[in-house]
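Working notes for the structure below.
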Protein chains: 2
Amino acid sequence: MGHVINNSQSNNYSMNSNIIKLLEHNDVKPTPMRMLVLEQMITQHRNLSLTEIENLLYPADRVTIYRTLQTFVKNGIAHSIDAAGSGSVYALCPGGCSHEAHKDEHPHFVCENCKKISCCTDFVFSFLQKPNTPKYVIYKIEMTIKGICPECTAKQ
Amino acid sequence: MGHVINNSQSNNYSMNSNIIKLLEHNDVKPTPMRMLVLEQMITQHRNLSLTEIENLLYPADRVTIYRTLQTFVKNGIAHSIDAAGSGSVYALCPGGCSHEAHKDEHPHFVCENCKKISCCTDFVFSFLQKPNTPKYVIYKIEMTIKGICPECTAKQ
DNA sequence: TATACGAATGCAATAGAATTGCAATCATTG
DNA sequence: CAATGATTGCAATTCTATTGCATTCGTATA
């Protein structure tokens, strides 16, 4: 998918340039709203919920952000993570995310204290046995670990 | 209230007797409402959502069922399954479920067609590596597989 | 037996996320 | 410039989860 994002020292020019490239690569027209949402997802370095993005972009309209995220998911720019009982967050698709079935099959850790949802690729799961009956059609797999994150543990 | 539904082959006497035992064994007073909810969970042979139980027990009060289920969870009779983005269902705890931390760490399959949530113990997961940093405090793990179940696949 | 108290229940209401409908605006093309 | 489709903003709805409160029920006790 070839998006190269420089979210540290980059100036606005190259940042916007990268954002536009990423959108156009995925057949999404780079409108101001979409660029703003994508910029937040890139610069915040973490999974964001609709409400978090809404707050970051206040007073932008919530429903517009909602539909923008739907567009991102549909076009393979982001995927949504349904953290069991803890709402949804959105994450940028990694480069290798295939356009049709972009998945994110590592567990996610939901901190019940700070509510943040982080990817924990270091918690390695594996299928001993992928479902072998052809009758189950699998769209998506969600793995959610709930507890207290290291940051919150440290503060207590 | 007081409609007692017997949809299994057992007679009411032994069924009720077992239900009362199960409740009392877990320090829950066997009230009519609690017996009805528990009876449904036993006889339906599947995970039930609050709404499903509400419909089965119509016109019983939804909030009462809600609080009954909370009591069951608190007292180790049932556990709740948060199926990522697909609502919650309740399942009876197996015998070995420890009272304090009754868990249900096998994947659950959510059919996006019929919406039913079933346990799939035959889809074997394993931790290659349980999180080895002591800083993560883990309360609960949810694994949700979304797709189309064999029944719905067969109908299409 | 009458009373008192806590548990359980039923109803009303709220909170919050997800979702839809629709009208106004914007961008592009003929 | 007009027409068309995409995008946006606002209002409103739906659905689940949750709380508050008054009433009822069950039981222990005066």
Side-chain angles (χ1 to χ4, degrees), chain A residues 19-20 23-24 26-38 40 47-75 77-90 110 112 115 117 140 142 144 146, chain B residues 1-3 19-20 23-24 26-38 47-75 77-90 110 112 115-117 142 144 146:
Chain A
I19 286 173
I20 291 172
L23 290 167
E24 290 183 338
N26 292 280
D27 305 308
V28 176
K29 199 193 298 182
T31 67
M33 189 79 260
R34 288 165 176 173
M35 291 177 67
L36 285 170
V37 172
L38 188 48
Q40 289 305 319
N47 303 324
L48 294 171
S49 68
L50 172 56
T51 300
E52 284 173 314
I53 297 175
E54 185 188 11
N55 293 334
L56 288 166
L57 296 183
Y58 180 85
D61 181 66
R62 180 184 182 82
V63 178
T64 303
I65 298 169
Y66 171 77
R67 284 193 267 227
T68 297
L69 290 167
Q70 282 190 145
T71 301
F72 286 1
V73 170
K74 182 162 63 76
N75 289 59
I77 293 172
H79 48 252
S80 72
I81 299 162
D82 284 338
S86 305
S88 299
V89 292
Y90 296 85
V110 180
E112 306 215 324
K115 310 299 180 193
I117 299 174
K140 193 174 187 182
E142 303 271 3
T144 307
K146 299 179 185 180
Chain B
M1 179 181 325
H3 55 286
I19 286 174
I20 290 172
L23 289 168
E24 290 183 338
N26 292 279
D27 304 310
V28 176
K29 198 192 299 180
T31 66
M33 189 80 257
R34 286 166 177 173
M35 290 177 67
L36 286 170
V37 173
L38 187 48
N47 303 323
L48 294 171
S49 68
L50 172 57
T51 300
E52 285 173 313
I53 298 175
E54 185 188 12
N55 292 334
L56 287 166
L57 296 182
Y58 181 85
D61 181 65
R62 180 185 183 82
V63 177
T64 303
I65 299 170
Y66 171 76
R67 283 193 268 227
T68 297
L69 289 167
Q70 282 189 146
T71 301
F72 286 2
V73 170
K74 182 161 65 76
N75 289 59
I77 294 171
H79 49 251
S80 72
I81 299 162
D82 283 338
S86 305
S88 298
V89 292
Y90 296 85
V110 180
E112 307 215 323
K115 310 299 180 192
K116 283 183 187 160
I117 298 174
E142 301 271 4
T144 307
K146 301 179 182 179

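Order of the sequence lines sets the chain letters (A, B, ...), proteins ahead of strands, with each chain counted from 1.
Atom C1' of nucleotide C:dT9 and atom CG of B:Leu36 are separated by 13 Å, given to the nearest angstrom. Separating the CG atom of B:Asn75 from the P atom of C:dA7 is a distance of 13 Å, rounded to the nearest angstrom. For the pair B:Arg34 CZ and D:dC25 C1', the interatomic distance rounds to 12 Å; values are reported in whole Å. In this entry the distance linking CE of B:Met35 with P of D:dG26 reads 13 Å, nearest Å.
B:Glu112 and B:Lys146 are not joined by a salt bridge, as no carboxylate oxygen comes within less than 4.0 angstrom of a charged side-chain nitrogen.
Each of A:Thr64, A:Val63, A:Leu69 was checked for a side chain to side chain contact (heavy atoms under 4.5 Å, CB included) with A:Arg67, and the lone residue meeting it is A:Val63.
Residue-level contact check: B:Thr64 touches the bases, meaning some heavy atom is under 4.0 Å from a base atom.
The backbone N or O of A:Asp82 lies less than 3.5 Å from a partner atom in the side chain of A:Glu142, making a donor-acceptor pair. Checked by atom type and distance alone, the side chain of B:Arg34 never pairs as donor or acceptor with a backbone atom of B:Val28 at under 3.5 Å.
Between B:Leu23 and B:Asn75, every side-chain heavy-atom pair lies at or beyond the 4.5 Å cut-off.
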Exercise. Classify every nucleotide of nucleotides 11-21 of chain D by which part a protein heavy atom approaches to under 4.0 Å, writing B for the base, S for the sugar-phosphate alone and - for neither, in 5'-to-3' order.
Key: B-----SBBB-
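For the OP1/OP2 pair of D:dT8 and a distance below 4.0 Å, the side-chain nitrogens and oxygens of A:Thr31 include at least one atom meeting the criterion.
The side-chain contact (heavy atoms from CB on, under 4.5 Å) search around A:Ser49 returns A:Thr51, A:Glu52, A:Val89, not counting sequence neighbours.
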